[in-house]
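Step one of this worksheet: look at the structure below.
Values reported hereafter were calculated over all heavy atoms of this structure, with side chains retained and with hydrogens, waters and symmetry mates removed. We number each residue from 1, following the sequence as shown.
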Amino acid sequence: MKLNREGLKDIEFWLENEIKTPTYDIENTIKNTKETPRWIHFGGGNIFRGFIARLQDELLEKGLGDIGIIAAETFDYDIIDKIYKPYDNLVLSVGLRANGETKKQVLASICDSVKASIREESDFERLKKAFQAPSLQMASFTITEKGYALKDSKGNYFNTVLEDLENGPTKANHAMCITTALLLERFNAGRYPVAIVSMDNCSHNGEKLKASVLDVADKWLEKGFVNQAFIDYISDESKVSFPWSMIDKITPRPAKEIEENLTSLGLEEISPVITNKGTFIAPFVNAEIPEYLVIEDNFPNGRPKLEEAGVYFSDRDTVNKSETMKVTTCLNPLHTALAVYGCLLGYDSIAKEMNDNELKKLVEKIGYDEGIKVVVDPKIINPRNFIDEVINERLPNPFIPDSPARIATDTSQKVAIRFGETIKAYIKSPSLDVNALQFIPLAIAGWFRYLLGVDDGLKPFKISDDPMLSDLQEGLKEIKIGNKDSYKGQLKPFLANKVIFGLDLVEAGLSEKIELMFLELIEGSGAVRKTLVKYLD
């Protein structure tokens with residue numbers, strides 16, 4: 001049996017294998033989406049396919065909508081050719097419970113998939129037409145935090161962005177320049193309202209998205225590609241809004257066990273593929289059951305009734321508190337600490353790490369002892385209950401095949417939020433002493449030790465992709481494990497870099513502590529474990 005619209009006609013197969021299939025009219029939904037598009041999503045990865053698309057699928061099942069989503073991939077176009085088109089844009093969602101049970105469901109809410117590239121003329125024309133449609137209510141994004149970045153760590157525009165700024169909207173390539181160019185299409189079509197919604201896992205995501213769009217637009221204004229009226233249009237929240245959001249659901253790489261299970265049921269061509277850009281992705285998405293999405297309710301052209309699918313809609317302050325709770329305290333910092341130390345200690349699974357006495361204590365200390373002291377309760381989600389669920393249920397779930405190496409990707413783009421925000425909160429607090437922080441500095445020291453690319457047994461390992469990796473490794477290249485004298489303050493420039501940490505850790509008074517911990521971590525073979533035991537036992 002194949003995962004496509006023809007295959008769905010064999011109702012008995014799906015029933016026998018306890019795989020839920022759509023009961024709504026898929027063909028009619030596709031027709032409606034083409035005629036009156038309401039929702040475009042940029043970023044075709046697992047968090048979209050396994051979570052966001054399922055929300056709209058639930059509305060379709062409940063009869064609370066009859067229009068699907070247009071998926072637009074901004075980076076890895078192979079995903080469209082290898083994962084979307086061959087399967088008629090269907091997704092097989094596999095929810096993984098901690099007891100090993102699975103919840104399988106075919107999603108059909110993605111009604112079209114396009115490559116968001118000017119080089120793909122037909123696809124891009126469909127995107128432009130959708131943006132020109134008065135019916136369009138929102139464009140959402142899961143392109144990762146680095147997708148919004150226009151500049152490098154030194155404040156210089158990336159070359160791709162520079163070319164876009166010089167060449168103008170008709171030749172845009174960078175995701176943010178493409179977004180701005182499509183908004184120009186909407187402006188020219190009738191200045192129609194729309195919400196531009198980041199659903200990425202980063203702090204103040206709507207603010208980042210808006211800042212990048214305005215930056216591009218301002219540069220195009222200087223060069224005469226757009227006029228002031230366009231700037232006014234995208235600056236007016238009653239016309240173009242940029243709601244903030246908080247999203248949380250672990251959607252790891254496709255698991256071999258799930259692939260084998262689906263194959264044993266009789267599903268064909270269900271195996272993962274590796275794209276030309278190295279994305280490991282499958283027709284199915286395996287993910288944990290817990291999920292959270294909080295969105296600022298600011299949609300000038302209306303929105304889907306996503307609250308009926310479990311989404312929290314609130315004001316910006318509540319979103320910010322929810323996001324701060326999760327990203328800076330109750331989950332993401334724990335994930336990063338586990339990622340870097342997991343790689344150093346040879347773990348291939350986050351869940352396995354939670355059986356490690358020191359690593360479990362490390363995340364408990366970061367969460368319960370240090371981070372939670374600066375969390376403001378968002379009221380809609382209880383922080384203590386949230387972190388309890390993370391530490392006791394989510395991270396230890398052995399059926400979530402998430403790896404430290406995956407979580408360690410792009411760490412330089414994350415530490416400012418995952419650790420920097422808590423450090424800043426300590427500095428601002430009249431009742432807290434930033435110098436009392438012990439375990440967040442230990443996590444930061446562990447990241448620098450990780451960047452040396454040698455595990456605790458002195459075996460080399462592959463460092464995960466990171467846009468700053470070459471700069472970081474160049475700065476640390478003279479440091480030799482087992483030779484403390486090789487350390488001559490190489491961490492200091494990075495610790496003082498506000499782009500990396502969101503503040504100057506030298507000024508904050510934490511650099512010396514981090515450096516001393518780092519020196520302990522590089523003493524030699526076994527030093528990582530020895531250091532963890534020292535601080536956590």
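- A cation-pi arrangement is present between K277 and Y77 under the rule of less than 6.0 angstrom and at most 45 degrees off the ring axis.
- At a threshold of 4.0 Å, the pair E18-K104 does not count as salt-bridged, since none of the basic side-chain nitrogens sits closer than that to a carboxylate oxygen.
- Salt-bridge check for E61 with K20: passed, with a basic side-chain N closer than 4.0 Å to an acidic carboxylate O.
- Between D317 and K321, at least one side-chain N (NZ, or NE/NH1/NH2) sits under 4.0 Å from a carboxylate O, which counts as a salt bridge.
- In this structure the side chain of P304 reaches within 4.5 angstrom of the side chain of M138, judged on heavy atoms.
- Here the side chains of V194 and L183 are in contact, with some heavy-atom distance below 4.5 Å.
- We find that R126 and D112 are joined by a salt bridge, their nearest charged nitrogen and carboxylate oxygen being less than 4.0 Å apart.
- In the displayed structure, K103 atom NZ is contacted under 6.0 Å by at most 12 heavy atoms of other residues, nucleotides or ligands.
- Considering all non-hydrogen atoms of both residues, A195 and N298 come closest at CB-O, 4.0 Å.
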- Task: Walk me through it: do Y192 and F187 pass the test ring pair (Phe, Tyr, Trp, His ring centres under 6.0 Å)?
- Result: CA-CA 7 Å; Y192 302 124; F187 169 79; over 10 Å; no

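- Ion pairing between a basic and an acidic side chain is recognised when a charged N comes within 4.0 Å of a carboxylate O; R5 and E27 show such pairing.
- Under a cutoff of 6.0 Å and an axis angle of 45°, K151 and Y157 form a cation-pi pair.
- Salt bridge status for E166 with K223: present, with a side-chain N to carboxylate O gap under 4.0 Å.
- Between D504 and K498, none of the side-chain N atoms (NZ, or NE/NH1/NH2) sits under 4.0 Å from a carboxylate O, so this pair counts as no salt bridge.
- In this structure, R186 is not positioned above the aromatic face of F131 in the sense of NZ or CZ being under 6.0 Å from the six-membered ring centre and within 45° of the axis.
- With a 4.5 Å cut-off on side-chain heavy atoms, F280 and P254 count as touching.
- Under a 4.0 Å N-O distance rule, the pair K239/D232 does not qualify as a salt bridge.
- Among I295, L209, N205, the one residue that satisfies the side chain to side chain contact (heavy atoms under 4.5 Å, CB included) test with V197 is I295.
- A cation-pi arrangement, defined by a distance under 6.0 Å to the six-membered ring centre and an angle within 45 degrees of its axis, is present between R303 and F313.
- Taking a cutoff of 4.0 Å between a charged side-chain nitrogen and a carboxylate oxygen, E145 and K414 do not qualify as a salt bridge.
- Put simply, the residue from L338, I350, L395 that forms a side chain to side chain contact (heavy atoms under 4.5 Å, CB included) with D402 is I350.
- Ion pairing between K9 and E6 holds under the 4.0 Å rule for side-chain N and carboxylate O.
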